[in-house]
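Presented below is the structure to which this report refers.
Every chain is numbered from 1 and lettered A, B, ... according to where its sequence line falls, protein lines coming before strand lines.
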2 protein chains.
Amino acid sequence: MKGKISAERKKEIIEGFYYLSKENGLENTSIAKIGKHLGIPPSLVMHYFPTKDILISNLISYILDQYLKIYEPVIKELETKNHADPKTFVDSLFSREWNLLFDDGVFYSCYALIFRNDVIKKEYRKLHDRLREFLKEILDRDESLKNQDTQLLAEQIFVVVEGAYYYLSMIDNEDTYNKKVENFKEQVYDLLRKKEEQHL
Amino acid sequence: MKGKISAERKKEIIEGFYYLSKENGLENTSIAKIGKHLGIPPSLVMHYFPTKDILISNLISYILDQYLKIYEPVIKELETKNHADPKTFVDSLFSREWNLLFDDGVFYSCYALIFRNDVIKKEYRKLHDRLREFLKEILDRDESLKNQDTQLLAEQIFVVVEGAYYYLSMIDNEDTYNKKVENFKEQVYDLLRKKEEQHL
DNA sequence: TCATATATTGAACACTCATTCAATATTATA
DNA sequence: TATAATATTGAATGAGTGTTCAATATATGA
């Protein structure tokens with residue numbers, strides 16, 4: 001049990017960082033504030049994360065891990081049953097739990113950093129590559145999509161999903177929100193249907 | 001000529017703010033730095049923009065105006081010729097000039113603010129509502145799309161465009177970038193075609 | 001030309017920032 | 001138990017933050 005306390009503290013600090021960023025914004029969250037929130041001096045924060053840049057890049061790893069966790073249930077389903085319904089998966093992409101587990105504000109703040117930080121850019125790219133490959137696997141195991149360009153299809157689906165969340169984040173009214181979700185979902189279904197038709 | 005100097009200084013300050021945000025990031029651009037960049041004391045900056053919040057919200061107005069300006073040529077074409085080719089418009093959405101005129105880093109940094117500032121959220125929403133309505137007009141005047149739900153179609157197209165830029169921003173390799181642009185463009189063309197078919 | 005409004009300056013404010021460091025407490029290892 | 005490694009503390013640093021204010025320069029309108 002050498003690095004156990006260390007690992008726990010690190011996790012605690014990153015989660016505190018995430019919590020405060022969610023509450024007050026990434027740019028308004030300082031090392032001192034994280035320390036205060038956890039009841040420890042700022043110097044202890046810096047003992048585990050020597051610079052703020054390192055702290056931020058760890059926050060991003062944490063966020064991208066969280067992002068991936070949302071897909072975990074379906075990944076397991078795919079591994080055990082060796083099959084997953086694309087439509088069910090698409091539904092889960094647009095499900096509400098999403099927003100409960102995940103804060104889009106922090107996510108977009110971190111995303112904005114890719115434009116001035118190549119390491120962060122790479123990490124974001126890696127995550128999305130993985131997600132796309134995963135959806136491709138689901139599509140590959142679907143009979144109705146045999147001999148289709150599932151790579152392209154996966155890309156097309158995710159473009160709609162990301163664009164959808166971009167737009168949905170601006171909507172306050174619940175009815176409008178729900179209606180738009182249905183439209184976007186239908187748009188993805190259309191993509192799946194179109195490919196099926198090509199197959200026939 | 002009452003508020004002329006005032007208007008010019010304000011413009012100068014906002015453009016300096018934008019320039020520095022592009023260079024070093026929105027969160028790293030202070031009032032002092034803007035002043036230094038323009039050769040004026042920070043107090044003069046605050047004379048025209050009493051608080052930093054006001055300064056930021058003016059930067060956002062500026063950015064959204066810039067965003068809109070990209071569409072100006074097509075808007076004029078529509079007004080004079082009373083018609084515009086949807087495909088040409090889609091092409092312009094994916095054109096390179098875009099990225100030259102506009103910095104996505106600053107745009108996304110500002111976008112991230114909508115999650116904690118309702119006024120900014122409203123401004124962003126207003127911009128996108130306007131753009132969608134404008135595309136709808138173009139589609140409405142296209143014969144091949146008669147009796148179609150052009151509002152929905154416009155929404156579907158913009159979702160692809162926004163999602164596309166989200167993904168494209170992560171790509172460094174030029175060939176990969178171009179290939180993906182072509183795919184996304186094709187995806188939008190498909191949307192237009194699909195609706196045409198429904199019409200026949 | 002004189003009074004008034006606007007533009008501009010420079011110094012100062014309290015506060016927060018990330019970071020450093022030496023000292024101490026706690027834990028793990030031998 | 002003694003030693004070494006790790007965890008934690010608290011105080012201090014200088015630089016930067018947004019903001020205030022009184023003083024001065026410049027332009028505008030009567």
*Under 4.0 Å between a Lys/Arg side-chain N and an Asp/Glu carboxylate O for B:R9 and B:E12?*
yes

*With a non-hydrogen cut-off below 4.0 angstrom, is A:S43 in contact with a base, only sugar-phosphate, or nothing?*
base

*Of the nucleotides D:dG18, C:dT8, C:dT9, which one has an atom closest to the side chain of B:K52?*
D:dG18

*Between B:K121 and B:F115, is NZ or CZ placed under 6.0 angstrom from the six-membered ring centre and within 45° of the ring axis?*
no

*Toss me the dot-bracket line for DNA chain C: Watson-Crick and G-U wobble, both under 3.5 Å, 5' to 3', using | for pairs to another strand and [ ] for crossers.*
||.|||||||||.|||||||||||||||||

_Closest to side chain of A:K33, choosing from C:dC17, D:dG18, C:dT20_ = C:dC17

_Minimum-distance nucleotide to B:P42 side chain [options: C:dT9, D:dT8, D:dT19]_ = D:dT19

_Spacing between B:L38 atom CG and C:dA7 atom C1', to the nearest angstrom_ = 15 Å

*Among C:dT19, D:dG18, D:dT8, the nucleotide that comes nearest once only the side chain of A:T51 is considered*: C:dT19

*Hey, are A:E23 and B:R116 close enough for a salt bridge, meaning a charged N less than 4.0 Å from a carboxylate O?*
no

*Geometric class of the B:F89/B:F134 ring pair [parallel <30°, tilted 30-60°, perpendicular >60°]*: perpendicular

*Rounded to the nearest angstrom, tell me the gap between atom CD1 in A:I54 and atom C1' in C:dA18.*
13 Å

*Kindly indicate, with the supporting measurements, whether the criterion ring-ring contact (aromatic ring centres under 6.0 Å, His included) is fulfilled by A:Y166 and B:Y166.*
CA-CA 9 Å; A:Y166 175 88; B:Y166 175 88; 8.8 Å; no

_Value in whole Å for how far the P atom of D:dA7 lies from CD1 of A:I5_ = 6 Å

*Between B:E12 (CD) and C:dT8 (P), how many Å, whole number?*
9 Å

_The side chain of A:M46 is closest to which nucleotide in this list: D:dT8, C:dT19, C:dC17?_
C:dT19

*How many Å lie between NZ on A:K10 and P on D:dT6, as a whole number?*
12 Å

*Beyond-backbone contact of B:F49 with B:F17, side-chain heavy atoms, under 4.5 angstrom*: no

*What residues, two or more places apart in sequence or in another chain, satisfy ring pair (Phe, Tyr, Trp, His ring centres under 6.0 Å) together with A:Y19?*
A:H37

*asked:* Nearest whole Å is fine: how far is C:dA7 C1' from B:E8 CD?
replied: 13 Å

*In whole angstrom, what separates A:N28's CG from C:dA18's P?*
11 Å

*Could you work out which one of D:dT9, C:dA7, D:dT8 sits closest to the side chain of B:H47?*
C:dA7

_Nearest to the side chain of B:Y48, heavy atoms from C-beta on, is which of D:dA7, C:dA7, C:dT19?_
C:dA7

_Is there a side-chain contact between A:R9 and the phosphate of D:dT6, meaning an N or O under 4.0 Å from OP1 or OP2?_
no

*For B:L55 and D:dT17, give me the distance from atom CG to atom P, rounded to whole Å.*
13 Å

